[in-house]
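Lettering follows sequence order; numbering is per chain, from 1.
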Number of protein chains: 2
Amino acid sequence: MVLTYLMDIPALQSDPTSEADRTVVRDPLPTQGSLDFRVIELFFFAYREFTGDADEILIRYGFGRAHHRVLHFVNRDPGLTIAELLDILQITKQSLSRVLRQLLDESFICQIPGDEDRRQRRLYPTQKGRALAVELSEAQVRRIESALAKTSDEDMRPIAAFLKAMASDRESAREWFERKDISWKDPE
Amino acid sequence: MVLTYLMDIPALQSDPTSEADRTVVRDPLPTQGSLDFRVIELFFFAYREFTGDADEILIRYGFGRAHHRVLHFVNRDPGLTIAELLDILQITKQSLSRVLRQLLDESFICQIPGDEDRRQRRLYPTQKGRALAVELSEAQVRRIESALAKTSDEDMRPIAAFLKAMASDRESAREWFERKDISWKDPE
DNA sequence: TAAATAGGTCAGCACCATTGACGTAATTTC
DNA sequence: GAAATTACGTCAATGGTGCTGACCTATTTA
């Protein structure tokens, strides 16, 4: 009669899922039922193609998406500090370090101590880093321009407004949009 | 005089980057120069928030994005085969296996042999799997509806057209949109 | 009966992210 | 001027997601 005290402890069962929960569901979630899946799925497939363009190029350099993101923002905002970059990317410094190390070692990026605060290691692209950033962006812009080929300036407004509304929960994103004037307020 | 034959082989240098390539670049890539970065960056920040909503929920279940994607498409198209799922997700069966194994072991999904072809293991959600899929989609739909709150039916057209054009390079995506009627052709 | 197909699995590897702990140099604060 | 804070670097361990390659079973098809 040893160990009978273990018998009724649910945590020791391998799978606590009830019979009801295991019931097979055969009907699909409809495209437009109580939930509308259209934008969810369009967004998923669209973003996959969007990143795929750059991914193909990155492979040739032995890099991944993380390298791309760092290279992108360093080129868009040369002289930014590590802290600013971490804030934009929303990752930890340990995550950044490996990726940044490679970009530094291979001379796509360089570090220059801050003038006022010499603890800072401000990040700048090299010519080589600039060239790669441009190559990557060209690929993405090609897809975007192709997708927007038949879009009027008028129709561009709701598209930008939608993306901006999706993105603007986070202060760091709002601040970036403001500082870099990401808007369609007055095209000409 | 041993090993002098190694001296002029570029591949043996630790860093073949030229001095010119190493030159520091201090000017930022402008938002709207020869390349327009606005959509690129809006898309990046928007997608990060979009996936973040689901990520928070998934952590509570010990799952990641890969689990979400499998669960999503199994719920949207119950009875699909492994091959069909791989085609939609564009991954290898080895990548799928770990993730699918967990969803099966924890009874979020179940497999039923095909009626005509008994080699197939068609995938169906359980009640439990359906509940989680709905929970995840509700979070994403909340953000989307909030972002589209002030958008007219009229303005929805260009948004959908843009996303669809971005996504439709791949046959598997086009086929999905068609079969699941992902469109805004006639709202009412 | 032999070949092709649907799927499963094992092993090993790469990439990208995490937390936690510890170190160094520069700046601020008291 | 000493102490605390800040900016950044790094080491170690872990988890999730993808890959290739190889090999396996069961079933269907030729």
Side-chain angles (χ1 to χ4, degrees), chain A residues 44 47-48 51-52 54-74 79-106 109-124, chain B residues 44 47-48 51-52 54-74 79-106 109-124:
Chain A
F44 166 69
Y47 196 75
R48 190 172 67 184
T51 56
D55 288 347
E56 284 179 30
I57 296 167
L58 289 160
I59 286 172
R60 299 208 304 269
Y61 291 82
F63 291 151
R65 277 185 207 175
H67 302 84
H68 184 186
R69 290 195 284 268
V70 171
L71 194 61
H72 177 90
F73 285 104
V74 169
L80 47 41
T81 64
I82 299 288
E84 287 165 350
L85 184 55
L86 292 177
D87 188 48
I88 287 170
L89 297 180
Q90 291 287 126
I91 57 174
T92 60
K93 64 177 175 177
Q94 294 92 328
S95 297
L96 175 61
S97 79
R98 226 176 298 105
V99 166
L100 183 57
R101 182 82 269 135
Q102 289 177 269
L103 290 167
L104 290 167
D105 287 348
E106 299 180 39
I109 283 177
C110 66
Q111 287 179 317
I112 300 179
D115 283 343
E116 295 159 21
D117 188 337
R118 286 179 5 241
R119 288 172 305 181
Q120 297 172 339
R121 283 93 195 267
R122 291 177 175 273
L123 302 171
Y124 294 86
Chain B
F44 166 69
Y47 195 75
R48 189 173 67 184
T51 56
D55 288 345
E56 283 179 30
I57 296 167
L58 290 161
I59 285 172
R60 299 208 303 268
Y61 292 82
F63 290 151
R65 280 186 205 175
H67 302 84
H68 184 186
R69 290 194 283 268
V70 171
L71 195 61
H72 177 91
F73 286 105
V74 169
L80 46 41
T81 65
I82 299 289
E84 287 164 349
L85 184 55
L86 293 177
D87 188 48
I88 287 170
L89 297 180
Q90 291 287 128
I91 57 174
T92 61
K93 65 177 176 178
Q94 295 93 328
S95 297
L96 175 62
S97 79
R98 229 179 295 106
V99 166
L100 183 57
R101 183 81 268 138
Q102 290 177 269
L103 291 167
L104 290 167
D105 287 347
E106 300 181 37
I109 284 177
C110 65
Q111 287 179 317
I112 299 179
D115 284 341
E116 295 158 21
D117 189 337
R118 284 178 9 240
R119 290 172 303 180
Q120 296 171 340
R121 282 93 196 267
R122 290 179 176 273
L123 302 170
Y124 294 87

**Student:** What is the separation between atom CG on A:Leu96 and atom C1' on C:dA17, rounded to the nearest whole Å?
**Tutor:**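 After rounding, the reported distance stands at 12 Å.
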
**Student:** Measure from CG on B:Leu86 to P on C:dT5 and round the result to the nearest Å.
**Tutor:**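 In whole Å, C:dT5 P and B:Leu86 CG are 16 Å from each other.
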
**Student:** Do the ring planes of B:Tyr61 and B:Phe63 sit parallel (below 30°), tilted (30 to 60°) or perpendicular (above 60°)?
**Tutor:**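 Ring orientation, 0 to 90° scale: parallel.
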
**Student:** Send over the distance from A:Gln120 CD to C:dT27 P, rounded to a whole Å.
**Tutor:**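 Atom CD in A:Gln120 sits about 9 Å away from atom P in C:dT27.
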
**Student:** Give the ring-plane orientation class for A:Phe44 versus B:Phe73, where under 30° counts as parallel, over 60° as perpendicular and anything between as tilted.
**Tutor:**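 A:Phe44 and B:Phe73: tilted rings.
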
**Student:** Using whole Å, what does the distance between atom P of nucleotide C:dA6 and atom CZ of B:Arg121 come to?
**Tutor:**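 Nearest whole value for this atom pair: 13 Å.
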
**Student:** Distance check, rounded to the nearest 0.5 Å: A:Gln102 atom CD versus A:Ser97 atom OG?
**Tutor:**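 So the CD of A:Gln102 and the OG of A:Ser97 are separated by 10.0 Å.
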
**Student:** Start at the 5' end of DNA chain C and walk down; is the nucleotide closest to A:Asp117 or to B:Thr81 reached first?
**Tutor:**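 This one resolves to B:Thr81.
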
**Student:** How long is the span from the CZ atom in A:Arg101 to the CG atom in A:Leu96, to the nearest 0.5 Å?
**Tutor:**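 One gets 10.5 Å once the value is rounded to the nearest 0.5 Å.
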
**Student:** Find the distance A:Arg118:CZ to C:dT28:C1' and express it as a whole number of Å.
**Tutor:**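 To the nearest whole Å, that distance equals 15 Å.
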
**Student:** By the definition side-chain contact (heavy atoms from CB on, under 4.5 Å), identify the one residue from B:Asp87, B:Leu86, B:Ile88 that meets it with B:Gln90.
**Tutor:**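 Only one option passes, and that is B:Asp87.
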
**Student:** Considering only heavy atoms and no angle criterion, is a donor-acceptor pair shorter than 3.5 Å present between the side chain of B:Arg119 and the base of C:dT5?
**Tutor:**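 Yes.
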
**Student:** Rounded at 0.5 Å granularity, tell me how far NE2 in A:His67 sits from CZ in A:Arg98.
**Tutor:**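 Reported to 0.5 Å precision, the distance equals 9.0 Å.
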
**Student:** Contact boundaries of DNA chain D with chain B (under 4.0 Å, heavy atoms), 5' to 3'?
**Tutor:**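 Under 4.0 Å from chain B, the extent on DNA chain D is D:dG16 to D:dT28.
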
**Student:** How long is the gap from CZ on B:Arg69 to CG on B:Leu85, to the nearest 0.5 Å?
**Tutor:**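 Answer for the CZ-CG pair, B:Arg69 versus B:Leu85, is 10.5 Å.
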
**Student:** Under the side-chain contact (heavy atoms from CB on, under 4.5 Å) test against A:Leu123, which residue among A:Ile112, A:Leu103, A:Ile82 passes?
**Tutor:**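 The residue from A:Ile112, A:Leu103, A:Ile82 that satisfies side-chain contact (heavy atoms from CB on, under 4.5 Å) with A:Leu123 turns out to be A:Ile82.
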
**Student:** Quick check for you: to the nearest 0.5 Å, what is the distance between B:His72 atom NE2 and B:Arg65 atom CZ?
**Tutor:**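 Separation between the atoms: 15.0 Å.
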
**Student:** Closer to the 5' end of DNA chain C via nearest nucleotide, is it A:Asp115 or A:Gln90?
**Tutor:**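 Its nearest nucleotide lies further toward 5', so the answer is A:Gln90.
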
**Student:** Under 4.0 Å between any heavy atoms, over every strand shown, what does A:Glu116 touch: base, sugar-phosphate, or nothing? Just pick one.
**Tutor:**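 The residue A:Glu116 makes sugar-phosphate contact but no base contact.
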
**Student:** What is the distance, rounded to the nearest whole Å, between atom NZ of A:Lys93 and atom P of C:dA21?
**Tutor:**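 That distance rounds to 13 Å.
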
**Student:** What protein N or O atoms touch nucleotides 10-16 of chain C N or O atoms at under 3.5 angstrom, if any, and at what distances?
**Tutor:**
unit_1: C:dC16; atom_1: OP1; unit_2: A:Gly64; atom_2: N; d: 3.3
unit_1: C:dC16; atom_1: OP1; unit_2: A:Arg65; atom_2: N; d: 2.8
unit_1: C:dC16; atom_1: OP1; unit_2: A:Ala66; atom_2: N; d: 3.4
unit_1: C:dC16; atom_1: OP2; unit_2: A:His67; atom_2: ND1; d: 3.4

